[in-house]
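Remarks on the structure that follows.
Below, chain A is the first sequence line, B the second, and so on; all start at residue 1. Hydrogens, waters and symmetry mates are skipped; everything else that's a heavy atom, side chains included, is used.
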Amino acid sequence: MSHLGNIVCRISSLKHLTQLHANLVYNSLHHHNYWVALLLKHCTRIGAPLAYARLIFNSVLCPNGHVFTSMLKYYAHLGAHDEVVSLFRQMQCRGVRPGTFVYPLLIRLAGNAGILFHAHVIKLGHGLDRYARNGIMDMYAKCGPVEVARELFDEMHERTLADWNSMISGYWKWGNEVEARILFDMMPERNVITWTAMVTGYAKMGALKSATRYFNEMPEKSVVSWNAMLSGYAQSGFAEEALRLFDDMMNTGVQPNETTWVIVISSLSLHGDPCLADSIVRKIDQKKIHLNCFVKTALVDMHAKCGSLETARKFFDELGVFRNSVTWNAMISAYARVGDLTSARELFDKMPEKNVVSWNSMIAGYAQNGQSAMAIELFKDMTTTEDSKPDEVTMVSVLSACGHLGALKLGNWAVNILSENHINLSISGYNSMIFMYSRCGSVEDAKRIFQEMVTRDVVSYNILIAGFATHGHGKEAIELISKMKEEGIEPDRVTYIGVLTACSHAGLLEEGWKVFKSIQVPAVDHYACMVDLLGRLGELEEAKKLIESMPMKAHAGVYGSLLNASRIHKRVELGELAANNLFELEPYNSGNYILLSNIYASAGRWEDIDRVRATMRTVGVKKTIGWSWVEDKGKMHKFIVGDRSHEQSEGIYRILSELGRKMRRDGYTADKSCVLRDVEDEEKEEMVGTHSEKLAICFALLVSEAGAIIRVVKNLRVCWDCHTAIKMISKLEQREIIVRDNNRFHRFSNGLCSCKDYW
DNA sequence: GTAGGGTTAG
């Protein structure tokens, strides 16, 4: 027995626990209530896996109150509410009556199931026990309705300190700062828990000044108080302040506990400095601190964010059965962040119990790495599973993916899901809706959502301004600057990029200059926008002068604008100048070679085009593939040049040749200056050619209802030849065709296009 | 045996 006692004292891992268990089995003690209860207690403490705890529990024949209680605690600790309820019922069936202390425990840990227990407690006549009474009140304070908790509180003849504290933390939980403070001020006496609750409350709402005031005023501080203050800084993103406070804490002589380490490590993840991360790892090693799964998970995240993925993975693998869902999620999002979607998906599929965050991480991973269609696909899987319901974060990714695709029907479907699931939106939720609508070509809806918002931030404005810019609404974009200033929101770098782009697309030269001059310290991007604006309108000398006057080095965007302007105005020498700079700055961007070739083509300098082609071959740069896509019945259909892989290809090409005949009849000839075309064997094709946007439009003509608006998205610029062709199609077919290319909308109807910036 | 602090996703 004393041998067993020694083992029990040393239990700090699953290995020790299994040793003890094996020992008990050897001594035939594993049926005994005493030992089973003890084993289960340790299971809870070290977070042993569910299957193992169940094995231990099931080995006892007649569990007594202690065993049941230990198992209940284990389930409650896991947050397995259903198991708690069913085990409690089992306990009643077996006629095991637990001591009164079980009730507050269950009520506290069982969350919403607590109401069930409330009834039981009353029935069993424990209603007046002060622990049970506090437990019930605390349950209502935490799970709501908090008013019921207040009723119980008011009914009490004498209140303990714990009752006051429960009530205060209840109010904080529901964001009621006023009531929390009133109670705090009314209290006859306070303890460290009361003070800490106030610090936590203010820290969680981001009111760090108030939090600090209470923290400094409190008569005594515990580790928990320090942790509350630390996490306040960490949660608000003030990593450096948190680390400074941690130093203060160490100097005061307070021993950090595991929670402290979790907070400190997560602050370091925020900070992202590998050196600091290393130093904390060394400190932990030196102090031989016991690392629980929370600390290890924090370490996984920290290494992923500022060390290396390999180290993170090593910690992840080492955790083995101690991994919880957060550990998995941290690792999944680590892979997703760096774009390693294969590894992320592998873990995601392997993960035993996924929660919302798992889904969100994976969906966001796809959405942020240009895999919008996959993001939506995965979201559809999510809606068919029982385990997790989408939340705001999910929908932000989904809406953003719909926006990138330009899938309006899918976007509307996502908006419906928002209301069906009663998902409340914060500013970023509304922002993603504005983004979706404006990228899907529906500026009116984007504007409507923007106006509906009660509070907006700089991002809301920037998204709407960018939306106006892509639609060529220059004046409206400019107006938003003064509107945001009236609202007390300062325009930032991105705001001005949007407004200047809008001026450029709308041809507003004077207004653009005025905006540019109002920027206090213009960045390179602002110069690039200005060069674009001047260049498009033919002020090429002025544009060149502006580049020469720049206080900083010009980047590719600046020369890109100049090159594009040279193409528009057929200025060979200026184009060569811009192109040569670009070939140095970004030798692998094929677009620059194409633009230069087009300039040569317009001047009839065909041998120079061959030279550009040769350079491309030497450098090894391949022409970027252009693709277009169209939404039909919630599905995206994607086309590349000369695509014949679509199942309705036959119909598409039939429409294409019919259109070709009609257009030739009306005097259409393919533009020869459109050299280095997508298709190599151009002669073989029917007149309209096979550019992807034309195929996409023909597909839409084939499947959509007569008169419906056709929406096509293209990843590159719509070429001049296509632009002409689509104008003719819109007139011939009497259809409105909206094409979004990489930065603007073209709205074709009755032979005209809305864009004012296309030459 | 009551009340306060922790890791992941946009």
Side-chain angles (χ1 to χ4, degrees), chain A residues 69 73 98-105 107-108 129-139 141-142 160-170 172 190-201 203-204 218 221-232 234-235 256-267 269 292-302 304-305 323-334 336-337 355-365 367-368 388 390-401 426-429 431-432 435 459:
Chain A
T69 309
K73 278 188 187 174
T100 55
F101 67 92
V102 172
Y103 290 102
L105 167 97
I107 290 160
R108 208 156 32 80
D129 177 272
R130 74 180 176 123
Y131 295 111
R133 193 188 65 183
N134 178 269
I136 293 164
M137 199 195 83
D138 195 55
M139 182 272 296
K142 281 204 177 70
T160 63
L161 198 48
D163 296 323
W164 285 91
N165 289 343
S166 285
M167 207 54 235
I168 286 181
S169 72
W172 276 119
R190 309 177 185 105
N191 64 3
V192 64
I193 294 176
T194 326
W195 284 93
T196 308
M198 295 306 280
V199 174
T200 312
K204 284 221 164 112
M218 55 198 294
K221 296 179 180 70
S222 67
V223 215
V224 182
S225 325
W226 283 94
N227 290 346
M229 201 57 230
L230 276 171
S231 91
Q235 295 291 315
N257 63 9
E258 288 170 333
T259 305
T260 320
W261 289 110
V262 172
I263 301 167
V264 171
I265 293 168
S266 74
S267 306
S269 317
N292 65 11
C293 78
F294 276 80
V295 184
K296 284 188 179 160
T297 300
L299 281 170
V300 168
D301 186 54
M302 182 192 75
K305 280 185 182 147
R323 287 187 284 238
N324 59 25
S325 55
V326 180
T327 324
W328 284 90
N329 293 342
M331 202 63 227
I332 291 172
S333 56
R337 250 196 314 272
N355 59 18
V356 220
V357 180
S358 327
W359 288 93
N360 289 352
S361 311
M362 202 61 230
I363 293 173
Q368 281 160 27
S388 337
D391 64 3
E392 190 194 359
V393 179
T394 324
M395 299 318 290
V396 167
S397 293
V398 173
L399 286 167
S400 149
S426 66
I427 294 182
S428 52
N431 289 349
S432 63
F435 176 81
V459 182

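Nucleotide B:dG6 holds its P atom 13 Å from the CE atom of A:Met229, rounded to whole Å. Put simply, CG on A:Leu399 is 15 Å from C1' on B:dA9, counting in whole angstrom units. Per the geometry, CE belonging to A:Met331 stands 14 Å off C1' belonging to B:dT7, to the nearest Å. Taking atom CZ of residue A:Arg337 and atom P of nucleotide B:dA9, one finds them 6 Å apart after rounding to whole Å. Computed from coordinates, the A:Met198 CE to B:dG5 C1' distance equals 16 Å when rounded to whole Å. Nucleotide B:dG4 holds its C1' atom 11 Å from the CD1 atom of A:Ile168, rounded to whole Å. Atom CG of A:Asn360 and atom C1' of B:dT8 are 10 Å apart (whole Å). Here B:dG10 presents its P atom at 18 Å from CD1 of A:Ile427, a figure rounded to the nearest Å.
Counting only heavy atoms from C-beta on, A:Asn227 has its side chain closest to B:dG5 among B:dG10, B:dT2, B:dG5. Closest approach to the A:Thr297 side chain among B:dG5, B:dT7, B:dA9 is made by B:dT7 (side chain taken as heavy atoms from C-beta onward). Taking every side-chain heavy atom of A:Tyr131 into account, B:dT2 is the closest of B:dT2, B:dG10, B:dT8. Listed candidates were B:dG10, B:dG4, B:dT7. Nearest to the side chain of A:Ala197 is B:dG4. Listed nucleotides B:dG10, B:dT8, B:dG5 differ in distance to A:Lys204; the shortest reach to its side chain belongs to B:dG5. In this structure, of B:dA9, B:dT7, B:dG5, it is B:dA9 that holds the atom nearest to the side chain of A:Ser333. Side-chain proximity of A:Ile193 to the nucleotides B:dT8, B:dG4, B:dT2 is greatest for B:dG4. Closest to the side chain of A:Ala330, from the set B:dT8, B:dG5, B:dG1, is B:dT8. With B:dG4, B:dT2, B:dT7 as the candidates, the nucleotide lying closest to the side chain of A:Asn324 is B:dT7. The listed nucleotides are B:dG10, B:dG4, B:dT7; the one nearest the side chain of A:Ser225 is B:dG4.
Put simply, the side chain of A:Ser222 and the base of B:dG4 share a donor and an acceptor less than 3.5 Å apart. For B:dG4, the base has no donor-acceptor partner in the side chain of A:Thr200 [N/O atoms by modelled type, under 3.5 angstrom]. Side-chain to base pairing of A:Glu258 with B:dG6: no donor and acceptor N or O lie closer than 3.5 Å to each other. Counting atom types as modelled, A:Asn257 pairs a side-chain N or O with a base atom of B:dG5 as donor and acceptor under 3.5 Å.
Electrostatic pairing of A:Asp163 and A:Arg130 does not count as a salt bridge here, judged by no charged N lying under 4.0 Å from a carboxylate O.
Across all strands, A:Gln368 comes closer than 4.0 Å only to sugar-phosphate atoms, never to a base (heavy-atom distances). At a threshold of 4.0 angstrom between heavy atoms, the contacts of A:Ala162 include nucleobase atoms, whether or not backbone atoms are also involved. Among the protein residues, A:Val192 comes within range of the nucleic acid bases, having at least one heavy atom under 4.0 Å from a base atom. As judged by a 4.0 angstrom heavy-atom cut-off over every strand, A:Asn191 is placed among the base-contacting residues. Across all strands, A:Asn292 comes closer than 4.0 Å to base atoms (heavy-atom distances). When heavy atoms are screened at a 4.0 angstrom cut-off, A:Arg190 is found touching no nucleic acid atom at all. Using a 4.0 Å heavy-atom cutoff across all strands shown, A:Asp391 reaches at least one base atom of the nucleic acid.
Put simply, A:Ser231 has a side-chain N or O that comes within less than 4.0 Å of OP1 or OP2 on B:dG6. Taking 4.0 angstrom as the limit, A:Lys142 places none of its side-chain polar atoms (N or O) nearer than this to OP1 or OP2 of B:dT2. Listed pair A:Ser169 / B:dG4 meets the phosphate criterion, a side-chain N or O lying under 4.0 Å from OP1 or OP2. Residue A:Lys296 has no polar side-chain atom (N or O) positioned under 4.0 Å from OP1 or OP2 of B:dG6. The shortest distance between the side-chain N/O atoms of A:Arg130 and the OP1/OP2 oxygens of B:dG1 is not below 4.0 Å. Close to B:dT8, at under 4.0 Å from its OP1 or OP2, lies no side-chain N or O of A:Gln235.
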message: Show, in sequence, the C-alpha distance, side-chain angles and deciding distance for A:Asn329 and A:Asn360, and conclude whether the side chain to side chain donor-acceptor pair (under 3.5 Å) test is met.
response: CA-CA 9 Å; A:Asn329 293 342; A:Asn360 289 352; over 6 Å; no
query: Would A:Ser225 and A:Ser222 satisfy side chain to side chain donor-acceptor pair (under 3.5 Å), going step by step from the backbone distance to the final call?
result: CA-CA 5 Å; A:Ser225 325; A:Ser222 67; 3.1 Å; yes
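A distance of 7.0 Å separates CD1 in A:Ile363 from OG in A:Ser397, rounded to the nearest 0.5 Å. Rounding to the nearest 0.5 angstrom, the gap separating the CZ atom in A:Arg190 from the CD1 atom in A:Ile168 is 8.0 Å.
Judged purely by distance below 3.5 Å, without hydrogens or angles, the side chains of A:Asp391 and A:Thr394 pair a donor atom with an acceptor atom. Using a 3.5 Å distance cut-off with no hydrogens or angles, the side chains of A:Thr194 and A:Asn165 do pair a donor with an acceptor. Side-chain polar atoms of A:Ser361 and A:Ser333 form no donor-acceptor pair below 3.5 angstrom.
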